[in-house]
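The structure is given below, and queries will be raised subsequently.
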2 protein chains.
Amino acid sequence: MKQSIHRYKASLFKSLAHPLRLAILDALREGEKTVTQLQELTGGEQATISQHLAVLRVHHFITFRKEGTLAYYRNEDAEVYIFLDLGRQLYERQLNRHRQEIDAQVMGR
Amino acid sequence: MKQSIHRYKASLFKSLAHPLRLAILDALREGEKTVTQLQELTGGEQATISQHLAVLRVHHFITFRKEGTLAYYRNEDAEVYIFLDLGRQLYERQLNRHRQEIDAQVMGR
DNA sequence: CTCAAACATTAGACTATTCATATATTATAT
DNA sequence: ATATAATATATGAATAGTCTAATGTTTGAG
């Protein structure tokens with residue numbers, strides 16, 4: 001049924017729809033990072049980062065390996081980045097459209 | 001700053017992260033639809049549909065024209081569909097990975 | 001002018017997300 | 001055995017998103 005596809009797809013989008021999770025994914029573009037490193041790179045609290053990592057793990061965007069007391073997280077599917085980059089194109093076009101709207105309003109006065 | 005990009009991008013993803021909104025966008029693939037038609041196609045309540053249409057409008061995914069008492073909605077940026085289709089590929093791969101996980105567990109017993 | 005149809009908006013209840021705080025857990029060092 | 005560092009998890013409060021029901025608005029018909 002189409003509805004269940006939409007439900008699943010929506011949950012996938014939802015799991016990406018958070019600034020900190022996007023920041024984490026971006027940080028992992030350049031390879032493995034520990035939780036502490038991600039904390040420094042993104043400026044989030046330890047617990048908060050762990051929670052967001054858990055969300056990304058459940059959705060198989062990332063995976064990790066333990067080494068001693070450290071946890072090295074890494075991206076699990078490079079295709080996410082194609083997706084995220086396309087998302088970037090999308091919003092850049094939308095920003096332009098938005099600017100044009102405002103310009104039009106200003107000109108119209 | 002990167003943070004504001006992540007915030008904006010997250011709000012964009014969030015606006016797509018709802019089953020009914022995805023259903024609406026899918027319904028609009030084949031061209032203009034009135035609110036009543038969208039109601040029939042997606043099975044949502046009138047008010048609910050209108051609210052979700054408003055969300056999609058704010059984010060410039062759709063636009064509309066009025067003709068008499070009818071409102072004809074249509075997609076505003078065809079690139080959304082490239083994006084949505086890529087999303088589909090993403091989750092299909094994840095489903096497969098998930099299935100493999102389960103299989104591995106079953107085999108391991 | 002009045003009514004009905006199509007749609008939009010508002011208000012409140014309900015549900016889900018998020019964050020911070022506190023508390024586990026695990027591994028290593030002493 | 002204890003202490004500490006790194007990470008994870010649980011809990012509750014705050015916030016945001018969603019739905020339903022009711023009300024508004026606009027248009028066209030009669």
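A note on names: the letters A, B, ... follow the listed sequences, proteins ahead of strands, and every chain is numbered from 1.
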(request) To the nearest Å, give me how far apart CG (Leu56(A)) and P (dT7(D)) are. (result)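 One finds 16 Å between P of dT7(D) and CG of Leu56(A), rounded.
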(request) In whole angstrom, give the distance that lies between atom CZ of Arg65(A) and atom P of dT7(D). (result)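 So the two atoms are 12 Å apart, to the nearest Å.
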(request) Start with the C-alpha distance between Arg88(B) and Asp85(B), add both sets of side-chain angles, then the distance that settles salt bridge (charged side-chain N to carboxylate O under 4.0 Å, His left out), and finish with yes or no. (result) CA-CA 5 Å; Arg88(B) 188 190 175 102; Asp85(B) 292 342; over 6 Å; no
(request) Rounded off to whole Å, could you give me the CD-to-C1' distance for the Glu67(A) and dT26(C) pair? (result) 15 Å
(request) Could you state the atom-to-atom distance from NZ of Lys66(B) to C1' of dT26(D) in whole Å? (result)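 Rounded to whole Å, this separation is 6 Å.
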(message) Pick the closest DNA chain D nucleotide for Ser50(A) and for Gly68(B) by heavy atoms, then say which residue is nearer the 5' end.
(response)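 Result: Ser50(A).
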(message) Looking at Phe64(A), I'd like to know if the NZ or CZ of Arg57(A) sits under 6.0 Å from its six-membered ring centre while staying within 45 degrees of the ring's axis.
(response)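 Verdict for Phe64(A): a cation-pi partner in Arg57(A).
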(message) Hydrophobic cluster membership, with links at side-chain heavy-atom distances under 4.5 Å among I/L/V/M/F/W/Y: are Tyr8(B) and Tyr81(A) in one?
(response) yes
(message) Measure CD1/Ile49(B) against P/dT9(C) and give the value in whole Å, please.
(response) 15 Å
(request) Run the salt-bridge test on Glu67(B) and Arg65(B) with the 4.0 Å N-O cut-off and return the result as yes or no. (result) yes
(message) What is the separation between atom CZ on Arg7(B) and atom P on dA16(D), rounded to the nearest whole Å?
(response)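 One finds 13 Å between P of dA16(D) and CZ of Arg7(B), rounded.
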(message) Any heavy-atom pair between the side chains of Tyr73(B) and Thr63(B) that's under 4.5 Å?
(response)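 The answer is no, as the side chains (C-beta and beyond) never meet within the 4.5 Å cut-off.
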(message) Keeping Lys9(A) on the side-chain end and Leu84(B) on the backbone end, is there a donor-acceptor pair under 3.5 Å?
(response)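 Yes, Lys9(A) side chain to Leu84(B) backbone: donor-acceptor pair under 3.5 Å.
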(message) Ring-plane angle category for His18(B) and His52(B), please: parallel below 30°, perpendicular beyond 60°, tilted otherwise.
(response) tilted
(request) Please confirm whether the backbone N or O of Leu53(B) pairs with a side-chain atom of Arg21(B), one donor and one acceptor, at under 3.5 Å? (result) no
(request) Answer whether the closest heavy-atom distance between the side chains of Val55(B) and Phe61(B) falls below 4.5 Å. (result)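 Result no, sub-4.5 Å side-chain heavy-atom pair not found.
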(request) Verify the contact: side-chain N or O of Tyr72(A) to OP1 or OP2 of dA6(D), cut-off strictly under 4.0 Å; return yes or no. (result)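 No, outside the criterion.
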Short N/O separations, protein against nucleotides 18-20 of chain D, under 3.5 angstrom:
| residue | atom | partner | partner atom | Å |
| --- | --- | --- | --- | --- |
| dT18(D) | OP2 | Arg21(B) | NH1 | 3.4 |
| dC19(D) | OP2 | His52(B) | NE2 | 2.7 |
| dT20(D) | O4 | Gln51(B) | NE2 | 3.0 |

(request) Check if the side chain of Gln46(A) and the base of dA6(D) share a donor-acceptor pair of N or O atoms closer than 3.5 Å. (result) no
(request) Starting at atom NZ of Lys33(A), determine the distance to atom C1' of dT7(D), rounded to an integer number of angstrom. (result) 18 Å
(message) Expressed as a whole number of angstroms, how long is the span from Glu40(A):CD to dA6(D):C1'?
(response)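 In whole Å, dA6(D) C1' lies 12 Å from Glu40(A) CD.
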Would you list the protein and nucleotides 2-6 of chain C atom pairs, both N or O, that sit under 3.5 Å from each other?
| residue | atom | partner | partner atom | Å |
| --- | --- | --- | --- | --- |
| dA6(C) | O4' | Thr69(B) | OG1 | 2.8 |
| dA6(C) | O3' | Thr69(B) | O | 3.4 |

